[in-house]
Amino acid sequence: MVIRNINLETVCGITSRLPENEKPEIAFAGKSNVGKSSLINALMNRKSYARISATPGKTQTINFYNINEELYLVDLPGYGYAKVSEKEKRQWGELIERYLHGSAQLKAVFLLIDIRHEPSANDKMMYEWIVDQGFHPIIVATKLDKLKRSQVQKHVKMVKEGLNLVPGTRIIPFSSVSKQGRDELWELVETEFLGKESDGKANK
């Protein structure tokens, strides 16, 4: 995917009406400190377009990034931040559920998991919940650069077993620092959800 233009087109809060988009939507879910904004910035080939907050749990909206007038990258609110009130957690959950149920253009959900640690109870709950909504989430194992190369397969197995993944579920190790996994993510999106043929070339 050659990134020609990006537009943060829609920001939906708890009381907002969801947009009725006509282009495919690719959504990203993950706990509040898993590196979701960094991943989205890496995919967009921008350093700080998606706001990276020093305060976990800050993203309280669903953000729709229009890429090349071709598709939307959809940033869902992070979950699992302890200092957020139970009321806020519930409202964010209801917002995400409304989106998963209500979007006619949602083609895929990517669930981000920190590759360094066993999936948390919140990670497991989110994975099971996304599956229950009828989706087959693709797992992105973030913060790959924090591991030695010799540790990667062991930790991928830990994530797979910790989530009790449905057989055949894709796991893509990813680093926002080295950009490893970026091309694989874009190729997956383009070939499986945009109907493009793979040319085997790196994305720009």
**Q** Taking side chain to side chain contact (heavy atoms under 4.5 Å, CB included) as the test, write out the residues that go with M125, two or more places apart.
**A**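 Side chain to side chain contact (heavy atoms under 4.5 Å, CB included) list for M125, sorted by chain: empty.
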
**Q** Could you tell me which non-hydrogen atom of F193 sits nearest to which non-hydrogen atom of I26, and how far apart they are?
**A**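 The answer is CB-CD1, 4.0 Å.
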
**Q** Is there a continuous path of hydrophobic side-chain contacts, each under 4.5 Å between heavy atoms, that joins I113 to V177?
**A**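 No, I113 does not connect to V177 through the hydrophobic network.
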
**Q** Of all residues at least two apart in sequence or in a different chain, which pass the side-chain hydrogen bond (donor to acceptor under 3.5 Å, both in side chains) check with Q133?
**A**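 Q133 satisfies side-chain hydrogen bond (donor to acceptor under 3.5 Å, both in side chains) with H101 only.
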
**Q** Can you measure from NZ (K31) to CG (L111) and round to the nearest 0.5 angstrom?
**A**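 Rounded to the nearest 0.5 Å, the NZ-CG separation comes to 10.5 Å.
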
**Q** Considering residues at least two apart in sequence or located in another chain, which fulfil the salt bridge (charged side-chain N to carboxylate O under 4.0 Å, His left out) criterion with E70?
**A**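 With neighbours one apart ignored, the set is K196.
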
**Q** Among pairs that include at least one residue of residues 165-176, which meet salt bridge (Lys or Arg N to Asp or Glu O under 4.0 Å), considering only residues two or more places apart or in two chains?
**A**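 Matches after skipping sequence neighbours: R170-E184, R170-E192.
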
**Q** Is there a donor-acceptor pair closer than 3.5 Å between any side-chain N or O of R182 and the backbone N or O of Q180?
**A**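 Such a contact is absent between R182 side chain and Q180 backbone.
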
**Q** Enumerate the salt bridge (Lys or Arg N to Asp or Glu O under 4.0 Å) contacts for residues 96-111, please, sequence neighbours excluded, ordered by first and then second residue.
**A**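 Of all non-adjacent pairs touching residues 96-111, none passes salt bridge (Lys or Arg N to Asp or Glu O under 4.0 Å).
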
**Q** Show the nearest heavy-atom pair for residues I115 and L147, with the distance to one decimal.
**A**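 Smallest interatomic distance, heavy atoms only, reads CG2-CD1, 3.7 Å.
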
**Q** Pairing donors with acceptors under 3.5 angstrom, does anything connect the side chains of D123 and S120?
**A**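 On atom types as modelled, these side chains qualify, holding a pair under 3.5 Å.
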
**Q** Name all pairs fulfilling the salt bridge (Lys or Arg N to Asp or Glu O under 4.0 Å) condition that reach into residues 128-148, sequence neighbours left out, sorted by first residue then second.
**A**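 Found none.
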
**Q** Pairs in or reaching into residues 134-154: which pass ring pair (Phe, Tyr, Trp, His ring centres under 6.0 Å), with residues at least two apart or in two chains?
**A**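 Ring pair (Phe, Tyr, Trp, His ring centres under 6.0 Å) check on residues 134-154 returns no pairs.
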
**Q** Closest approach of Y79 and G30, non-hydrogen atoms and distance?
**A**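 Closest pair (atom of Y79, atom of G30, distance): CE2-C, 3.2 Å.
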
**Q** Here's a test for you: under side chain to side chain contact (heavy atoms under 4.5 Å, CB included), which of N33, L39, I40 qualifies with K36?
**A**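 It is I40; the other options fail the test.
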
**Q** Please list all pairs passing the ring pair (Phe, Tyr, Trp, His ring centres under 6.0 Å) test where one or both residues lie in residues 149-176, with sequence neighbours left out.
**A**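 Residue pairs passing ring pair (Phe, Tyr, Trp, His ring centres under 6.0 Å), neighbours aside: none found.
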
**Q** Between F64 and C12, is there a side-chain heavy-atom distance shorter than 4.5 Å?
**A**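 Result yes, sub-4.5 Å side-chain heavy-atom pair found.
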
**Q** Pairs of donor and acceptor atoms involving the side chains of residues 156-168, under 3.5 Å and at least two apart or interchain, shall be tabulated with distances.
**A**
none

**Q** Measuring only between side-chain heavy atoms, which start at C-beta, is I6 closer than 4.5 Å to N45?
**A**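 No, their side chains stay 4.5 Å or more apart.
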
**Q** Between T142 (side chain) and V34 (backbone), is there a donor-acceptor pair under 3.5 Å?
**A**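 Flag set: sc T142 to bb V34 pair under 3.5 Å.
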
**Q** So I3 and W186, do their side chains get closer than 4.5 Å, heavy atoms only?
**A**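 Yes. Closest side-chain heavy atoms under 4.5 Å.
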
**Q** Might you work through the side-chain contact (heavy atoms from CB on, under 4.5 Å) test for I138 and V109, ending with a clear yes or no?
**A** CA-CA 6 Å; I138 297 126; V109 180; over 6 Å; no

**Q** Tell me, do I62 and P77 make a side-chain contact under 4.5 Å, heavy atoms counted?
**A**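 Side-chain contact under 4.5 Å: yes.
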
**Q** Taking side chain as C-beta onward, heavy atoms only, is N41 less than 4.5 Å from K47?
**A**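 Heavy-atom side-chain distance check fails, nothing below 4.5 Å.
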
**Q** What's the spacing between L76 CG and L100 CG if we round to 0.5 Å?
**A**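 With rounding to 0.5 Å, CG (L76) is 6.5 Å from CG (L100).
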
**Q** Might you confirm whether atom CD of E118 has over 12 heavy atoms from other residues, nucleotides or ligands at distances under 6.0 Å?
**A**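 Not buried by this count: 12 neighbours or fewer within 6.0 Å.
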
**Q** How far does CH2 of W92 sit from CD1 of I14, to the nearest 0.5 angstrom?
**A**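 Spacing of CH2 (W92) from CD1 (I14) equals 8.0 Å.
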
**Q** Between M1 and L194, which heavy-atom pair has the shortest distance, and what is it?
**A**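 The answer is CE-CD1, 4.0 Å.
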
**Q** Which residues satisfy the side chain to side chain contact (heavy atoms under 4.5 Å, CB included) test with K87, sequence neighbours excluded?
**A**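 Applying side chain to side chain contact (heavy atoms under 4.5 Å, CB included) to K87 gives S85, R90, Q91.
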
**Q** As an exercise, state the distance from CG of L144 to CZ of R116, rounded to the nearest 0.5 Å.
**A**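 The CZ atom of R116 is 11.0 Å from CG of L144, to the nearest 0.5 Å.
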
**Q** Calculate, to the nearest 0.5 Å, the distance between atoms CG and CG belonging to L73 and N66 respectively.
**A**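 Reported to 0.5 Å precision, the distance equals 9.5 Å.
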
**Q** With the side chain counted from C-beta on, respond yes when P137 and I130 share a heavy-atom pair under 4.5 Å apart, and no when they do not.
**A**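 Yes - at least one pair of side-chain heavy atoms lies under 4.5 Å apart.
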
**Q** Determine the minimum heavy-atom distance between L106 and A108, stating which atoms define it.
**A**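 The pair with the smallest heavy-atom distance is CD1-O, 3.4 Å.
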
**Q** Let me have the donor-acceptor pairs involving side chains of residues 15-24, under 3.5 Å, with sequence neighbours excluded, atom names and distances please.
**A**
from	atom 1	to	atom 2	distance (Å)
S16	OG	G13	N	2.8
R17	NH2	E20	OE2	3.2
N21	OD1	Y72	OH	3.4
N21	ND2	E25	OE2	2.9

**Q** Keeping N5 on the side-chain end and I67 on the backbone end, is there a donor-acceptor pair under 3.5 Å?
**A**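 Judged by distance alone, no pair lies under 3.5 Å.
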
**Q** Any ring pair (Phe, Tyr, Trp, His ring centres under 6.0 Å) pairs touching residues 10-43, not counting sequence neighbours?
**A**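 Listed by first then second residue: F28-F110.
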
**Q** How long is the straight-line distance from CG of L112 back to OG of S37, given to the nearest 0.5 Å?
**A**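 So the gap between those two atoms works out to 10.0 Å.
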
**Q** I need the minimum non-hydrogen distance between G181 and I172, along with the two atoms involved.
**A**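 For G181 versus I172, the nearest heavy atoms are O-CG2, 4.1 Å.
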
**Q** Quick one, N63 and L8 - any side-chain contact, counting heavy atoms below 4.5 Å?
**A**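 Yes, side chains in contact.
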
